[in-house]
Amino acid sequence: MPEGHTVHRLARTFASLFAGPALRVSSPQGRFADGAAVLDGRRLVASQAWGKQLFLGFEGDLWLRTHLGLYGAWTFAGAPDAPEVVHAIGAPRKRIGERETTVVPSVVDPTTEGSTGGWLVPSPRGQVRVRLLGDHAVADLTGPTACEVITAEEKTAVEARLGPDPIRDDADADVFVARVGRSRVTIGQQLMDQAVVAGVGNIYRAEALFRAGVDPLRPGRDVPAVAVRAIWDDLVVLMRDGADRGAIVTTRPEDRVPDGGAAGPGRTRQNTDGTPGAVPSDEAFYVYHRDGLPCRRCGAPVLAKELAGRNLFWCGVCQV
DNA sequence: TCCAAATGTAAAA
DNA sequence: TTTACCTTTGGAT
């Protein structure tokens, strides 16, 4: 899934595109028909992210909680006068070049045609669980692992299970540092535990540990507290940058040497949208999906192994 | 046309 | 620790 930075980006996008007027909420696919009926016609009054959870607040104290899971995605289309148009946020789907293609959709949703001030609303593509339609934009959700209407109390309960989120201003770094140091579970596994730190995924895990020079397999309690704190501080910088940029980039400019295609096409295919000036995906990471390639720092081959069902990447020389 | 992979998590065993 | 689930995509067949 998109990691926490993507979800924060989504929260901002919903606030700017949909806050205000009553929304039409539907479930083209049908699997969220009941929830959509409950929300239809209500105004969006809040848009929040905590880790990988997105909470859209509707009048009447109801919240739409969505989680993109491994391959969920939101796809947006906007009217020409929309304040901001983001055509696709999520993963894994390649959207290179679509920035220009969805402005004038070739297929128009007949049920909404003529009711949106002349703006042509595209028909849902694929298995769209939820569609939010506002005055200036439409958002379609596909493939989520969670999509439900909850109360404020239920939202609080979900948040109570999450660790601090480095992107949020209210995050408490001390909680993270203390928890990591209390457990013998490896630092690599703890970083993927949303109860320890919310929003970190497989890429930020691998990259933050490389930048800190910490072996992912070291027990959390054996990592010096100052090093754990440094990892937190780095995550704050990296993840906030990711939310602003719309892509994960962890390499410093001086380390950005292309791999000459050695990684092969498609290794890191969904990180960037092809925006001019963006850091190419084969220069964006130190170790993620670079197993077998030389470490950007020391030249030793990057290592990989499966840990708790996820691929772990690291440099055995730089990370001790 | 088929199949594996993907920035994930919860439940079952 | 294994399985199930949700969906799209690109490369192989």
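Computed from heavy atoms alone, side chains included, the values below leave out hydrogens, waters and symmetry copies. Letters A, B, ... are given to chains in the order of the sequence lines, protein chains preceding strands, and every chain is numbered from 1.
- Ring to ring, A/F18 and A/F58 are not that close: their centroids are 6.0 angstrom or more apart.
- Looking at the side chain of A/R31, the nearest of the listed nucleotides C/dT7, B/dT9, B/dA10 is C/dT7.
- Between the CG atom of A/L70 and the P atom of B/dT9 there is a distance of 9 Å, given to the nearest Å.
- Between A/R125 atom CZ and C/dT9 atom C1' there is a gap of 12 Å when expressed in whole angstrom units.
- When heavy atoms are screened at a 4.0 angstrom cut-off, A/G126 is found touching the sugar-phosphate backbone but no base atom.
- Between A/H67 and B/dG8, a side-chain N or O to OP1/OP2 separation shorter than 4.0 Å is absent.
- Annotation: side chain of A/V317 is not in contact with side chain of A/R297 (no heavy-atom distance under 4.5 Å).
- Residue A/N311 is in sugar-phosphate contact alone, with no base atom involved, counting any heavy-atom pair closer than 4.0 Å across all strands shown.
- Atom CD of A/E306 is separated from atom P of B/dA6 by 10 Å (rounded to the nearest Å).
- For the pair A/L191 CG and B/dT9 P, the computed distance is 13 Å after rounding to whole Å.
- Note: CZ (A/R65) to P (B/dT9) measures 11 Å, nearest angstrom.
- Closest approach to the A/R129 side chain among B/dA6, B/dG8, C/dT7 is made by C/dT7 (side chain taken as heavy atoms from C-beta onward).
- The distance between atom CD1 of A/I203 and atom P of B/dA6, rounded to the nearest whole Å, is 11 Å.
- Under the 30°/60° scheme for interplanar angles, the aromatic rings of A/Y288 and A/F313 are found to stand perpendicular.
- Taking 4.0 angstrom as the limit, A/H289 places a side-chain polar atom (N or O) nearer than this to OP1 or OP2 of B/dA6.
- One can place CG of A/L68 at 13 Å from P of C/dT8, the figure rounded to the nearest angstrom.
- Within 4.0 Å of A/Q29, counting heavy atoms only, lie sugar-phosphate atoms of the nucleic acid but no base atom.
- Counting heavy atoms from C-beta outward, A/L133 and A/L23 have side chains that stay 4.5 Å or more apart.
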Review item, side-chain donor-acceptor pairs of residues 155-163 of chain A, under 3.5 Å, at least two apart:
residue : atom : partner : partner atom : Å
A/K155  : NZ   : A/Q48   : OE1          : 2.8
A/K155  : NZ   : A/E159  : OE2          : 3.0
A/T156  : OG1  : A/A152  : O            : 3.0

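- C/dT13 and B/dA5 have their P atoms separated by 13 Å, given to the nearest Å.
- At whole-Å resolution of the value, CD in A/E3 and C1' in B/dG8 are 10 Å apart.
- When heavy atoms are screened at a 4.0 angstrom cut-off, A/R205 is found touching no nucleic acid atom at all.
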